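The next block holds one structure in the form of structure tokens; read it before the comments.
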Amino acid sequence: QVQLVESGGELVQAGDSLRLSCAVSGRSIESDAMGWFRQAPGKEGEFAAAISWSGYTTNYADSVKGRFTISRDNAKNTVYLQMNSLKPEDTAVYYCADRRDPVVSTKLEEYVYWGQGTQVTVSS
């Protein structure tokens, strides 16, 4: 059984930083593109960041570009999202997803495995 477990979300103030982690079990992610998505209250889920299987290719939503960095440690079967200069509009539940394909995608429907999410709240 494949499990993705996110951690690291918490309540912070605007301008603070957080690092989210996504630990995967039941499957090696070394050949998979991985992504982070988020869902704010009352809104649809949206793409935040993605990384190719090798880590050489990354893709970011315009809203987080320059502030967020996605990375991976295939030896630990873990993906990270470093979030800097956080804004109140970054408040959301953040989900990690496994595409089960090497190529990066920004499309939510192209990801196969999902975690339960971790809450990030940014106060002004």
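The chain is numbered in sequence order, starting from 1. Predicted model only: the values in this text are computed from it and were never measured.
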* Rounded distance (nearest 0.5 Å) linking atom CG of N77 with atom CG of L4 ->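 Reported value, rounded in 0.5 Å steps: 9.0 Å.
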
Separation between CD (Q82) and CG (L18), nearest 0.5 Å, reads 8.0 Å

State whether the side chain of [X] and the backbone N or O of [Y] hold a donor-acceptor pair below 3.5 Å, judged by distance alone.
X	Y	result
N59	A50	no
Q13	S123	no
T91	V122	yes
D32	M34	no
Q116	V5	no
R72	I29	yes

Name all residues meeting the side chain to side chain donor-acceptor pair (under 3.5 Å) criterion together with K43; count only those two or more places apart in sequence or in a different chain, and write none if there are none.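 Per chain and number, K43 pairs via side chain to side chain donor-acceptor pair (under 3.5 Å) with no residue.
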
S52: side chain to side chain donor-acceptor pair (under 3.5 Å) partners, not counting sequence neighbours: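 If we apply the side chain to side chain donor-acceptor pair (under 3.5 Å) test to S52, skipping adjacent residues, the hits are S54.
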
If you look at every heavy atom in [X] and [Y], which pair is closest and at what distance?
X	Y	result
E110	S105	OE1-OG, 2.6 Å
P88	A14	CD-CB, 4.1 Å
L86	M83	CD2-CB, 3.8 Å
G117	V93	CA-CG1, 3.8 Å

Which pairs, with at least one residue in [range] and sequence neighbours excluded, count as a salt bridge (charged side-chain N to carboxylate O under 4.0 Å, His left out)?
range	answer
residues 51-62	D62-K65
residues 9-20	none
residues 44-57	R38-E46

query = With hydrophobic residues grouped by side-chain heavy-atom distances under 4.5 Å, do V120 and L108 end up in a single group?
reply =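 They do not share one cluster, since no chain of ILVMFWY contacts under 4.5 Å joins V120 to L108.
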
Residue pairs passing the disulfide (SG to SG under 2.5 Å) test with at least one member in residues 87-124, sequence neighbours excluded, are C22-C96

Query - disulfide (SG to SG under 2.5 Å) pairs, two or more places apart, involving residues 41-77 - result: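 Listed once each, the pairs would be none.
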
Identify, with sequence neighbours excluded, every residue that meets salt bridge (Lys or Arg N to Asp or Glu O under 4.0 Å) alongside [X].
X	result
D101	R99
R67	D90
E30	none

| said: For R27, is the CZ atom crowded, meaning more than 12 foreign heavy atoms sit under 6.0 Å from it? | reply: yes

Listed once per pair and sorted, the ring-ring contact (aromatic ring centres under 6.0 Å, His included) pairs that draw on residues 75-101, sequence neighbours left out
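Sorted result for residues 75-101: empty, none.
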
*Please list all pairs passing the ring-ring contact (aromatic ring centres under 6.0 Å, His included) test where one or both residues lie in residues 35-76, with sequence neighbours left out.*
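Sorted pair list: F37-F47, F37-Y111, F37-W114.
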
Discussion item. With heavy-atom distances below 4.5 Å as the criterion, would you say the side chains of N84 and S17 are in contact?
Written reply: yes

